[in-house]
Amino acid sequence: MRRYRYQTLAASWREKVRTSHHSISTTPNAITTSDPSKEDTPSVAIRIAIVGSGPSGCYTAKYLQASKKFPTQIDILERLPTAFGLVRNGVAPDHPEVKNVQHDFEDLLEKKNVNFYGNVEVGKDVQLQELRELYDMVVLCYGCESDRSLKHLEGGHLAGILSAREFVSWYNGHIDFDWVGPIVKDALSSSKQQNVVVVGHGNVALDCARILAKTRDELDPTDLTTRALDILHPQNNETIQHRRISVVGRRGHVQGAFTIKELRELTKLPHTDFLVRADELDMGKSTLASQEELAGSRPRTRMDKLLTEASQVPSNGSNQSQIHLRFLLNPKRFDASPEDSSKLGSIVCERTKLQGESGSQGAVGIGSMETIEAQLALLSIGYKGVAIKGTEPWFDESRGVLKNTHGLVDSASGDAGAIYAAGWLKRGPSGIIGTNIPDAKDTVATMLHDMDKVTPEATNSKSLARLLTERGVEYVDWEAYQRIDKSETSSARKRHNDQPREKITVRDELLEVARAQ
Ligand code: FAD
Ligand code: NAP
């Protein structure tokens, strides 16, 4: 019954689209392709909309595309004018090898039956319900666009407190985060002894610490945006006498969420002191449960060895930056600077001890407090998914994920077609890029099973384009995106020969470049 009703809606919408005669290539609001392989040819295919062009969206498209079970027409909608989600806006600029995955995604977007619709925000420019009517299947892969927060703590409003997501998005050139620059600049210029606290012990926290610690020369050949480089490491870096970056976690080193490769990299930075306290390592190993956790895990044993060795290396003292990896400290309060009551001055943390079973030990406060000076605090305690308009009935607010079974979203409302999910939105904000491969395959397997119930029919591949154009939404197609890519990677824009690209960080500029033929 539900399927019948959905097919009726979809058919009536398609009929409406077919009877419209406007060609999008003549309309002013579309930044469109001239690639003949992607022309408006009617075909018989199952029409699929994928919302989000990050790894999960791209891998979902890749495995749908690779399955020869049914012909598919795949449209990827992306709210930014640029593609690839956190591969562009998350992965650290000094880890260029990780970004090579985007070549795989570029090949995908070259395919005849895969279209890119950048600069289209679902929930704003087009509604989820409209997609459900326009497509046979909709896959939501829009990631996690918010944070777990500590801003509810006393003093959480003070200037100088940012989430790691805000900080990372800014240094990576995300167009929505230009406002972060003045806050970082202000915090770092308020004192020659700069104190930064990064809260959390995941790999994002280590990325933040490393980017803060590295010198301008080390970061110059990366794709760190110049807007960020000039603030983090000004040309005349005599203004920085010393930068102390404390990376604080509420549990011990045995429970750290970071991985050994990333940790080892921090210990080897040539111009940075890496400091760990032996007493904090000892406290972290003092429970029987921690000893069991260590004994049962080779990676954790290696991590323990690495940190124990690091704790025996004295501070060089002559380096400009120091990273202090601190354990068993839980932030309780943010205190204002004595000079300016609107700004952060320090973070008060409670010493903790571990309690609980092996594998699930928690941090319990023991009452003693430590105050760590900080002009800048980066809260790196995890990203969080948010509902976009239309997903509210199936959204688990506490976990920040869409309720789903193997990717099929629990869409029991009965009035439209099935919705699927993949990636961080499906399983929460954890896992590396590669984790999205089995995750996407799981969703695709569910979709392929459900496709038996869908009748492929003649479709007009440009019906979304027409809807957007009628609405005046200026979308960026694949060829237009490639003009952005070419401009960003041109030597005229780069500050350094080895810099992979200088990202454009303003939406209007991106659209202008996308339009230029
Ligand atoms: P995302 O990559 O976030 O993609 C979601 C996409 O949806 C985005 O492009 C977004 O703009 C778009 N979108 C959002 N809302 C809408 C909307 N309403 N309409 C249309 N589009 C929308 N993994 C590694 O393997 N190596 C690393 O070095 C690494 N570094 C990382 C660094 C950071 C700071 C972070 C946070 C993660 C890192 N990861 C790394 C993990 C990896 O990035 C993730 O596993 C992966 O990006 C998750 O993919 P996703 O597609 O679910 O989400
Ligand atoms: P994460 O790995 O989940 O780490 C989150 C950290 O925040 C943990 O240390 C956690 O401590 C802490 N935390 C959570 N809630 C807290 C609270 N209320 N108070 C204090 N601390 C709290 O998240 P992430 O660092 O954002 O990384 C997300 C994913 O991206 C991970 O899978 C990561 O591996 C991946 N990533 C990979 C790379 C890479 O491969 N180089 C780089 C970046 C990111 P507890 O353990 O005590 O909860």
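Numbering of ligands and ligand atoms starts at 1, following listing order. Only heavy atoms go into these numbers, but all of them, side chains included; no hydrogens, no water, no symmetry mates.
Residue contact check: Asp207 has heavy atoms under 4.0 Å from atoms 32 (C) of ligand 1. Set against the non-hydrogen atoms of Glu262, the atoms of ligand 2 under 4.0 Å away are 39 (C), 40 (O), 41 (N). In summary, the atoms of ligand 1 found under 4.0 Å from a heavy atom of Ile433, numbered by their order in the structure, are 23 (N), 24 (C), 25 (O), 42 (C), 45 (O). Less than 4.0 angstrom separates some heavy atom of Pro429 from each of these atoms of ligand 2: 28 (C), 29 (C). The atoms of ligand 1 that sit less than 4.0 Å from any heavy atom of Val168 are 34 (C). Interface of Arg148 with ligand 2, defined as ligand atoms under 4.0 Å from a residue heavy atom, comprises 14 (C). Contact atoms of ligand 1 toward Leu77: 20 (C), 21 (N) (distance under 4.0 Å to a heavy atom of the residue). The distance from ligand 2 to the heavy atoms of Ala257 drops below 4.0 Å at these ligand atoms: 2 (O), 4 (O). Short contacts between ligand 1 and Leu80, defined as distances under 4.0 Å to a heavy atom of the residue, involve ligand atoms 11 (O). Taking a cut-off of under 4.0 Å to the non-hydrogen atoms of Gly431, the atoms of ligand 1 that pass are 41 (C), 44 (C), 45 (O). The contact set between ligand 1 and Gly423, taken as ligand atoms under 4.0 Å from a residue heavy atom, comprises 52 (O). Contact atoms of ligand 1 toward Val120: 19 (N), 20 (C) (distance under 4.0 Å to a heavy atom of the residue). Taking every non-hydrogen atom of Arg251 and a distance limit under 4.0 Å, the qualifying atoms of ligand 2 come out as 45 (P), 46 (O), 47 (O).
An N or O contact shorter than 3.5 Å is missing between Glu121 and ligand 1 by distance. The shortest N or O to N or O distance between His95 and ligand 1 is not below 3.5 Å. Looking at ligand 1, you won't find any N or O of Val98 less than 3.5 Å from one of its N or O atoms. Between Trp424 and ligand 2, not a single N/O pair is under 3.5 Å apart. Residue contacts with ligand 1: Ala92 is placed with no nitrogen or oxygen under 3.5 Å of a nitrogen or oxygen of the ligand (distance criterion only). The N/O atoms of Arg427, backbone and side chain alike, include none that comes under 3.5 Å of an N/O atom in ligand 1. On a distance-only criterion, Tyr383 and ligand 1 share no N/O pair closer than 3.5 Å. Residue Val91 places no N or O, backbone or side chain, under 3.5 Å from any N or O of ligand 1. By the 3.5 Å distance cut-off applied to N or O atoms, Gly382 is not counted among the residues near ligand 2.
Taking atom 19 (N) of ligand 2 as the reference point, the nearest protein heavy-atom neighbour is Arg250 NH1, 3.6 Å. Closest protein heavy atom to atom 31 (C) of ligand 2: Gly431 N, 3.8 Å. The nearest protein atom to atom 13 (N) of ligand 1, hydrogens excluded, is given as Tyr142 CB, 3.7 Å; this is a heavy-atom distance. Trp424 N, 2.9 Å is the protein heavy atom nearest to atom 52 (O) of ligand 1. Closest to atom 35 (C) of ligand 1 among all protein heavy atoms lies Val204 CG2, 3.9 Å. Taking atom 21 (N) of ligand 2 as the reference point, the nearest protein heavy-atom neighbour is Ile381 CG2, 3.5 Å. Considering only non-hydrogen protein atoms, atom 53 (O) of ligand 1 sits nearest to Gly143 CA, 3.7 Å. Looking from atom 49 (O) of ligand 1 to the surrounding protein, the closest heavy atom is Pro55 CD, 3.5 Å. In terms of protein heavy-atom proximity, atom 43 (O) of ligand 1 is closest to Leu86 CB, 3.4 Å. Taking atom 4 (O) of ligand 1 as the reference point, the nearest protein heavy-atom neighbour is Gly54 CA, 3.4 Å. Of the protein's heavy atoms, Val122 N, 3.1 Å lies nearest to atom 19 (N) of ligand 1.
Between Asp125 and Arg79, no side-chain nitrogen of the basic residue sits less than 4.0 Å from a carboxylate oxygen of the acidic one, so the salt-bridge criterion is not met. Look at Glu265 and Arg210 and you find a salt bridge, because one of the NZ, NE, NH1 or NH2 atoms lies within 4.0 Å of a carboxylate O, short of that distance. At a threshold of 4.0 Å, the pair Lys389-Glu121 does not count as salt-bridged, since none of the basic side-chain nitrogens sits closer than that to a carboxylate oxygen.
The shell of residues lying under 4.0 angstrom from ligand 2, judged by heavy atoms, includes Ser380.
Of all the heavy atoms of Glu145, the ones lying under 4.0 Å from any atom of ligand 1 belong exclusively to the side chain. Under 4.0 angstrom from ligand 2, there are no non-hydrogen atoms of Ala164. Only the backbone of Cys141 comes within 4.0 Å of ligand 1, judged by heavy-atom distances. Within the 4.0 Å heavy-atom criterion, the part of Asp207 lying near ligand 2 is the side chain and not the backbone.
In this comparison of Lys261, Glu262, Glu78, the heavy atom closest to atom 6 (C) of ligand 1 sits on Glu78. Within the set Ser169, Ser56, Gly90, the minimum heavy-atom distance to atom 50 (P) of ligand 1 is found for Ser56.
Per-atom contact check: atom 38 (C) of ligand 1 does not touch the protein, criterion being a heavy-atom distance below 4.0 Å. Atom 10 (C) of ligand 2 is not flagged as protein-proximal [any protein heavy atom, distance under 4.0 Å]. For atom 3 (O) of ligand 2, the nearest protein heavy atom is 4.0 Å or more away.
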Item to complete: Apply salt bridge (Lys or Arg N to Asp or Glu O under 4.0 Å) to the pair Glu509 and Lys503, showing each step before the final yes or no.
Response: CA-CA 11 Å; Glu509 262 180 61; Lys503 289 177 191 164; over 6 Å; no
Discussion item. Before you tell me yes or no, could you show the steps for Arg501 and Asp485 under salt bridge (Lys or Arg N to Asp or Glu O under 4.0 Å), namely the whole-Å CA-CA distance, both residues' side-chain angles and the distance that decides it to 0.1 Å?
Written reply: CA-CA 8 Å; Arg501 69 177 64 230; Asp485 187 53; 2.7 Å; yes
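Between Trp478 and Asn115 the shortest side-chain heavy-atom distance does not fall below 4.5 Å.
The environment of NZ in Lys151 is crowded: more than 12 heavy-atom neighbours from other residues, nucleotides or ligands sit within 6.0 Å. Summarising the local packing, CD of Glu357 is surrounded by 12 or fewer heavy atoms from other residues, nucleotides or ligands at distances under 6.0 Å.
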